[in-house]
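The shown structure was predicted, so the numbers you read here are calculated from the model rather than taken from an experiment.
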Amino acid sequence: MKKHLMCSAFLMATLGATPALAMDNMKMGVWADNQDVAAGTVTAKKVTTDTNGWLVVHRTDESGKPGPVVGHAPLKKGKNMDVAAILTEDVSAGDHLMLMIHGEDGGMKTGHFEYTLGAKEDGPVRMDGDLVMTVIMAE
């Protein structure tokens, strides 16, 4: 009986610690592949974030700097799968798109995407000083 209680206590302690450890070890990121955008959307396979916010699609080029916003989709804190952003402008095959995590901070209305290039409202999220994003090519 004593052995059973010790095992149960160990399992409870271990299981109780797992969610906290998972959140502490969560690495923010955007995972997406080059894709066909003819249907007017861009999809990230997975987005992991430590805040509610937005997956924002920016145009970009060889400079690697984020350009104008051409789409966005809401994100919840944690892991988000198959996040589809509707494109608000035409995107052609060969165009480079930067899929970036933005927060839900500083705007006038929660739940409304308010960012414009260079603004602070609903602005980019950084991890260790770097933007959390990936670049894909439209096919």
Apply the test side-chain contact (heavy atoms from CB on, under 4.5 Å) to residues T110 and E104: give CA-CA distance (whole Å), side-chain angles for both, the deciding distance (0.1 Å), then the verdict. CA-CA 7 Å; T110 300; E104 174 58 47; 4.1 Å; yes
For M133 and V30, which heavy atoms make the closest approach, and how far apart are they? CA-CG2, 4.3 Å
Using atom types as modelled, flag every donor-acceptor pair under 3.5 Å from a side chain in residues 61-69 to any protein atom, sequence neighbours excluded.
{"from": "D61", "atom 1": "OD1", "to": "S63", "atom 2": "N", "distance (Å)": "2.9"}
{"from": "D61", "atom 1": "OD1", "to": "S63", "atom 2": "OG", "distance (Å)": "2.5"}
{"from": "S63", "atom 1": "OG", "to": "K65", "atom 2": "N", "distance (Å)": "3.3"}

Between CD1 of I136 and CE of M98, what distance do you get to the nearest 0.5 Å? 11.5 Å
May I ask whether M28 and L131 are part of the same hydrophobic cluster, defined by side-chain heavy atoms of I, L, V, M, F, W, Y residues being less than 4.5 angstrom apart, directly or through others? no
Taken to the nearest 0.5 Å, the spacing of H96 NE2 from T60 OG1 works out to 8.5 Å
Do any side-chain atoms of residues 120-129 form donor-acceptor pairs under 3.5 angstrom with protein atoms, and if so which ones, sequence neighbours left out?
{"from": "D122", "atom 1": "OD1", "to": "D105", "atom 2": "N", "distance (Å)": "3.3"}
{"from": "D122", "atom 1": "OD2", "to": "E114", "atom 2": "N", "distance (Å)": "2.8"}
{"from": "R126", "atom 1": "NH1", "to": "G129", "atom 2": "O", "distance (Å)": "3.2"}

Looking at every non-hydrogen atom in both residues, tell me the closest pair between A44 and A32 and how far apart they are. CA-CB, 3.9 Å
Taking only residues at least two apart or on different chains, which pairs with a member in residues 40-49 satisfy salt bridge (Lys or Arg N to Asp or Glu O under 4.0 Å)? D33-K45
Residue D90 excluded, over 12 heavy atoms near CG under 6.0 Å: no
Linking I/L/V/M/F/W/Y whenever their side-chain heavy atoms sit closer than 4.5 Å, directly or via other members, would M108 and Y115 fall into one cluster? no
Step-by-step side-chain contact (heavy atoms from CB on, under 4.5 Å) determination, L97 to V70: CA-CA 9 Å; L97 301 172; V70 296; 4.2 Å; yes
If you look only at distance, which donor and acceptor atoms sit under 3.5 Å apart when one is on a side chain in residues 80-87 and the other is two or more places apart or in another chain?
{"from": "N80", "atom 1": "OD1", "to": "K76", "atom 2": "N", "distance (Å)": "3.0"}
{"from": "N80", "atom 1": "ND2", "to": "V47", "atom 2": "O", "distance (Å)": "3.4"}
{"from": "N80", "atom 1": "ND2", "to": "K76", "atom 2": "O", "distance (Å)": "2.8"}
{"from": "N80", "atom 1": "ND2", "to": "G78", "atom 2": "O", "distance (Å)": "3.3"}

Ring pair (Phe, Tyr, Trp, His ring centres under 6.0 Å): pairs with one or both residues in residues 32-64, sequence neighbours excluded: W54-H72, W54-F113, H58-H102
Give me the atom names and distance for the closest heavy-atom approach of G71 to T88. N-OG1, 3.9 Å
Here the pair of heavy atoms bringing N52 nearest to K77 is OD1-N, 2.8 Å
So, taking the atom named OG1 in T49 and the one named NZ in K79, what distance separates them when rounded to the nearest 0.5 Å? 14.0 Å
Counterpart residues, salt bridge (charged side-chain N to carboxylate O under 4.0 Å, His left out), relative to E89 (two or more places apart): R59
Locate the shortest heavy-atom distance separating M137 from N34; write the atom from each residue and the value. N-OD1, 2.7 Å
Test your reading of the model: is there a side-chain donor-acceptor pair from Q35 to the backbone of E139, 3.5 Å cut-off? no
Is the closest side-chain heavy-atom distance between L75 and I101 below 4.5 Å? yes
